[in-house]
Amino acid sequence: MASKAHTALAALRAELAGEVFAPGDPGYDGARAVPNARTDRRPAVIARCAHVTDVVRAVRFARELDLPVAVRGGGLGLAGTRVDGALEVDLRRMHGVTVDPAAGTARVGGGATVGHLDRATRPYGLAASVARDPGVGVAGCLLGGGTGPLDRAVGPAADQLAGVELVTADAERVRADAGENPELLWALHGGGGNFGIATALTLTLHELPRPAAVVVRYGPGSGPAAVRAFREVVGAGPGELGGAALCLPGRPAPRCAVLVTYTGGEEGLRALAGPLTALPHEAAVCGAPAPAVPYPPGGMRAHWSARCLTALPDAAVDAFCALAADLPGPGSRLMLLPLGAAVAAGAAGHPPPYRHAAWIMHPFACWPDPAGDERALAWVREACAGVRPWSADAVPLTLIGDEGPERIRAGLGEGNLLRLEKVKRRYDPDNVFRFNHNVRPL
């Protein structure tokens with residue numbers, strides 16, 4: 001068997017246009033590293049693919065040796081899923097973005113990040129609502145039913161998915177769109193990486209000629225008033241209004257900040273955000289485009305979760321702000337993301353089940369030292385427990401890690417699960433693609 005594996009690996013090295021790393025190779029440790037220092041991934045082989053032919057060849061190699069396949073897209077990989085003993089297909093070289101302004105679409109490589117997408121679409125006054133950090137992978141966010149900064153205006157990320165080019169577990173290339181393999185396309189709207197390797201995606205873009213944003217930072221103790229005001233501004237405002245409320249570390253005490261985004265121009269935003277800037281504050285900056293909400297740099301330890309909320313009464317605001325008193329590290333934060341508007345009005349037949357939630361509460365713990373693990377994990381648990389009276393079962397899978405099968409069902413939607421399992425059986429009956437929020441084949 002060892003001889004067979006050695007021969008197959010030598011052939012893979014010779015045939016791939018990209019790079020191949022195995023344990024002991026120069027560059028292996030760098031290739032396997034992910035930003036979350038809590039995770040120590042040790043794949044059997046890493047295939048850093050240059051194009052789709054490389055992906056096909058890599059999957060054939062895995063099937064020849066009966067290896068499971070893990071996929072690394074272009075993003076942060078903060079979940080840091082353990083992939084020990086697997087072939088890891090690394091798509092980060094496949095990050096091209098081609099915009100068709102006449103059609104209002106973009107073809108996005110499987111390794112592209114939000115930064116790649118934004119730089120390609122912005123010159124045309126077009127945008128897609130995909131994540132809030134330029135380092136996030138487009139494919140992971142879209143396929144995982146993630147959220148983005150324009151959700152209330154145009155719907156969640158998955159709603160913008162018009163087509164996917166996929167390499168299946170049999171190393172076959174297939175396309176899924178409205179006219180070809182539509183059931184597979186349905187499953188890819190939030191079903192994650194369960195069905196194959198997405199080497200390219202076609203996105204529907206939206207005109208965004210006048211984006212505007214304001215960030216208001218408040219002093220210690222101002223959190224409850226600021227979050228209540230943000231709740232009222234969003235609740236009374238149009239769907240084009242979005243943003244986030246954040247609790248951030250600060251000295252001598254945590255600070256609250258509010259980001260408000262608006263697709264209708266700066267003048268309109270200033271009027272809509274008036275109640276927020278009327279409160280006593282330390283700073284307010286208005287401009288465009290909206291600032292990113294970046295995840296911490298690599299090398300830090302991270303853990304996070306999310307809860308969808310059906311409402312945000314004053315008691316929920318107080319509970320949220322109280323949690324900020326014990327932020328566990330310098331990169332930690334607590335976020336409230338508004339839903340509603342186009343999220344609720346979107347294509348209800350697609351898997352993301354959180355459409356009718358009103359808010360997402362997202363605790364994100366980040367700390368430098370293993371000695372802080374227990375405290376950070378406990379804080380995330382306490383944050384989720386603290387808002388349980390207002391929580392819905394649904395959750396965006398992109399905002400949770402490995403929290404067990406019940407939470408996976410909550411992220412996929414109990415009513416979608418049987419249908420997803422049938423699609424899984426057709427395209428990956430052996431569960432080759434299992435390093436994800438896994439759907440098992442029926």
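Residues: numbered from 1 along the sequence shown.
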Engineer: Counting N and O atoms only, with roles assigned by atom type, does the side chain of Asp430 sit under 3.5 Å from a partner on the main chain of Val432, one being a donor and the other an acceptor?
Structural biologist: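 Pair absent, no side-chain N/O of Asp430 close to backbone of Val432.
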Engineer: Specify the closest pair of heavy atoms between Thr147 and Thr398, including all atoms of both residues, with the distance to one decimal.
Structural biologist: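 Closest heavy-atom pair between Thr147 and Thr398: N-OG1, 4.4 Å.
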Engineer: Is any side-chain N of the basic residue among Asp314 and Arg231 closer than 4.0 Å to the acidic one's carboxylate O?
Structural biologist: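 Looking at Asp314 and Arg231, the cut-off is met.
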Engineer: Specify the closest pair of heavy atoms between Val439 and Lys424, including all atoms of both residues, with the distance to one decimal.
Structural biologist: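 Reported closest heavy-atom pair: O-CE, 3.0 Å.
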Engineer: As an exercise, state the distance from CZ of Arg41 to CZ of Arg72, rounded to the nearest 0.5 Å.
Structural biologist: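 It comes to 5.5 Å.
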Engineer: Would you give the length of the straight line joining atom CZ of Phe230 to atom CG of Leu241, rounded to the nearest 0.5 angstrom?
Structural biologist: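 So the gap between those two atoms works out to 7.5 Å.
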Engineer: Name all residues meeting the side-chain contact (heavy atoms from CB on, under 4.5 Å) criterion together with His303; count only those two or more places apart in sequence or in a different chain, and write none if there are none.
Structural biologist: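 By the side-chain contact (heavy atoms from CB on, under 4.5 Å) rule, His303 matches Arg38, Trp367, Leu377, Val380.
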Engineer: Holding to ring pair (Phe, Tyr, Trp, His ring centres under 6.0 Å), I want the full list of residues that pass it with Tyr427, two or more places apart in sequence or in another chain.
Structural biologist: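 None.
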Engineer: Start with the C-alpha distance between Arg228 and Asp318, add both sets of side-chain angles, then the distance that settles side-chain contact (heavy atoms from CB on, under 4.5 Å), and finish with yes or no.
Structural biologist: CA-CA 9 Å; Arg228 287 186 177 92; Asp318 292 341; 2.6 Å; yes
Engineer: Rounded at 0.5 Å granularity, tell me how far CG in Leu309 sits from CE in Met361.
Structural biologist: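 Result: 6.5 Å between the selected atoms.
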Engineer: Return the set of residues passing side-chain hydrogen bond (donor to acceptor under 3.5 Å, both in side chains) with Thr168 (not counting sequence neighbours), or none when no residue passes.
Structural biologist: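 Thr168 satisfies side-chain hydrogen bond (donor to acceptor under 3.5 Å, both in side chains) with no other residue.
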Engineer: Suppose we screen for side-chain contact (heavy atoms from CB on, under 4.5 Å). Which residues come up paired with Leu208, at least two apart in sequence or across chains?
Structural biologist: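 Ala127, Leu150, Pro211, Thr263.
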Engineer: Do Val423 and Leu188 touch side chain to side chain, with heavy atoms closer than 4.5 Å?
Structural biologist: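 The answer is no, as the side chains (C-beta and beyond) never meet within the 4.5 Å cut-off.
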Engineer: Is there a side-chain contact between Leu334 and Trp379 (heavy atoms, below 4.5 Å)?
Structural biologist: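 Yes, side chains in contact.
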Engineer: Between Arg132 and Gly148 (side chain of the first, backbone of the second, donor and acceptor by atom type, cut-off under 3.5 Å), is there such a pair?
Structural biologist: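 Yes, because the side chain of Arg132 sits within donor-acceptor range (under 3.5 Å) of the backbone of Gly148.
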Engineer: Check this for me: does any side-chain nitrogen of one of Arg93 and Asp54 sit under 4.0 Å from a carboxylate oxygen of the other?
Structural biologist: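 Salt bridge between Arg93 and Asp54, a charged N being under 4.0 Å from a carboxylate O: no.
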Engineer: Would you say Pro224 and Cys321 make side-chain contact, with heavy atoms under 4.5 Å?
Structural biologist: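 In contact.
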Engineer: Taking Asn431 for the side chain and Arg440 for the main chain, is one N or O donor matched with an acceptor at less than 3.5 Å?
Structural biologist: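 Answer holds: no.
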Engineer: Going by side-chain hydrogen bond (donor to acceptor under 3.5 Å, both in side chains), name the residues that satisfy it together with Arg381, two or more places apart in sequence or in a different chain.
Structural biologist: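 Partners of Arg381 under the side-chain hydrogen bond (donor to acceptor under 3.5 Å, both in side chains) test: none.
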Engineer: For Arg92, give me all partners under salt bridge (charged side-chain N to carboxylate O under 4.0 Å, His left out), at least two apart in sequence or on another chain.
Structural biologist: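 Salt bridge (charged side-chain N to carboxylate O under 4.0 Å, His left out) list for Arg92, sorted by chain: Asp90.
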Engineer: Mind checking whether Cys247 and Arg255 have side chains closer than 4.5 Å, heavy atoms only?
Structural biologist: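 Sidechains of Arg255 and Cys247: no contact.
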Engineer: Please work out whether the ring planes of Phe364 and Trp304 are parallel, tilted or perpendicular, with thresholds of 30° and 60°.
Structural biologist: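 Ring orientation of Phe364 relative to Trp304: parallel.
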Engineer: Do Val258 and Tyr218 come close enough that some side-chain heavy atom pair is under 4.5 Å?
Structural biologist: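 Val258 vs Tyr218: side chains touch.
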Engineer: Between the side chains of Ser129 and Arg152, is a donor N or O closer than 3.5 angstrom to an acceptor N or O?
Structural biologist: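 No - no donor-acceptor pair under 3.5 Å links their side chains.
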Engineer: Using only atom types and a distance under 3.5 Å, with no angle test, would you say the side chain of Thr98 pairs donor to acceptor with the backbone of Arg107?
Structural biologist: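 Absent.
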Engineer: OG1/Thr310 to CH2/Trp390 distance, rounded to the nearest 0.5 angstrom?
Structural biologist: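 Atom-to-atom, Thr310:OG1 and Trp390:CH2 are 10.0 Å apart.
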Engineer: Evaluate the criterion side-chain contact (heavy atoms from CB on, under 4.5 Å) for residue pair Val130 and Val136; output intermediate values, then yes/no.
Structural biologist: CA-CA 9 Å; Val130 184; Val136 170; 5.7 Å; no
Engineer: Please test Val260 against Leu272 for side-chain contact (heavy atoms from CB on, under 4.5 Å), starting from the C-alpha separation and ending with a verdict.
Structural biologist: CA-CA 9 Å; Val260 185; Leu272 290 165; over 6 Å; no
Engineer: Roughly how far, to the nearest 0.5 Å, is CZ of Arg13 from CG of Leu16?
Structural biologist: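 Going from CG on Leu16 over to CZ on Arg13, the span is 10.5 Å.
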Engineer: Of the non-hydrogen atoms in Pro363 and Cys384, which two are nearest, and what is the gap between them?
Structural biologist: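 Minimum heavy-atom separation between Pro363 and Cys384: CG-SG, 4.3 Å.
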Engineer: Enumerate the ring pair (Phe, Tyr, Trp, His ring centres under 6.0 Å) contacts for residues 116-153, please, sequence neighbours excluded, ordered by first and then second residue.
Structural biologist: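 Checked against ring pair (Phe, Tyr, Trp, His ring centres under 6.0 Å) - neighbours excluded - the pairs reaching residues 116-153 are His95-His116.
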Engineer: Looking at every heavy atom in both Leu323 and Ala383, which two are closest together, and how far apart are they?
Structural biologist: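 Heavy atoms only, the tightest pair is CD1-CA, 3.5 Å.
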Engineer: I want to check something: taking the side chain as every heavy atom from C-beta on, are Cys308 and His356 in contact at a cut-off of under 4.5 Å?
Structural biologist: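 They are not in contact (no side-chain heavy atoms under 4.5 Å apart), so the answer is no.
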Engineer: Applying side-chain contact (heavy atoms from CB on, under 4.5 Å), run through Leu420 and Trp186 and close with a yes or a no.
Structural biologist: CA-CA 9 Å; Leu420 288 166; Trp186 171 84; 3.6 Å; yes
Engineer: Taking Leu142's backbone N and O only, do any of them form a donor-acceptor pair with His189's side chain (distance below 3.5 Å, no angle check)?
Structural biologist: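 Not confirmed, His189 side chain does not pair with Leu142 backbone.
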Engineer: Applying side-chain contact (heavy atoms from CB on, under 4.5 Å), can you list everything that pairs with Pro368, at least two apart in sequence or on another chain?
Structural biologist: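 If we apply the side-chain contact (heavy atoms from CB on, under 4.5 Å) test to Pro368, skipping adjacent residues, the hits are Met300, Pro330.
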Engineer: Of all the heavy-atom pairs spanning Ala106 and Leu117, show the shortest one and how long it is.
Structural biologist: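 Nearest pair, atom of Ala106 first, then Leu117: CB-CD1, 4.4 Å.
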Engineer: What distance do Leu203 atom CG and Leu161 atom CG have between them, rounded to the nearest 0.5 Å?
Structural biologist: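 Rounded to the nearest 0.5 Å, the CG-CG separation comes to 6.5 Å.
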Engineer: By side-chain contact (heavy atoms from CB on, under 4.5 Å), which residues pair with Arg32, not counting sequence neighbours?
Structural biologist: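 Checked Arg32 against side-chain contact (heavy atoms from CB on, under 4.5 Å); matches are Tyr28, Asp29, Asp40, Arg42, Pro43, Ile46.
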Engineer: Report yes if some heavy atom in the side chain of Phe433 is under 4.5 Å from a heavy atom in the side chain of Val69; otherwise report no.
Structural biologist: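 In contact.
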Engineer: Under 4.5 Å between any side-chain heavy atoms of Cys256 and Val227, yes or no?
Structural biologist: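 Cys256 reaches Val227 side chain to side chain.
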Engineer: Show which side-chain atoms of residues 337-344 pair as donor or acceptor with protein atoms under 3.5 Å away, not counting sequence neighbours.
Structural biologist:
none

Engineer: Specify the closest pair of heavy atoms between Cys141 and Ala131, including all atoms of both residues, with the distance to one decimal.
Structural biologist: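 Scanning both residues, the minimum pair turns out to be SG-N, 3.7 Å.
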Engineer: Extract all donor-acceptor atom pairs below 3.5 Å that involve side chains of residues 405-413 and protein atoms in other chains or at least two apart in sequence.
Structural biologist:
from   : atom 1 : to     : atom 2 : distance (Å)
Glu406 : OE1    : Arg409 : NH2    : 3.4
Glu406 : OE2    : Arg409 : NH2    : 2.2
Arg407 : NE     : Glu403 : OE1    : 2.8
Arg407 : NH2    : Ser305 : OG     : 3.3
Arg407 : NH2    : Ala306 : O      : 2.6
Arg407 : NH2    : Glu403 : OE1    : 3.3

Engineer: May I have all residue pairs that pass salt bridge (charged side-chain N to carboxylate O under 4.0 Å, His left out) and include part of residues 364-377, sequence neighbours excluded?
Structural biologist: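 Residue pairs passing salt bridge (charged side-chain N to carboxylate O under 4.0 Å, His left out), neighbours aside: Arg301-Asp373, Asp326-Arg375.
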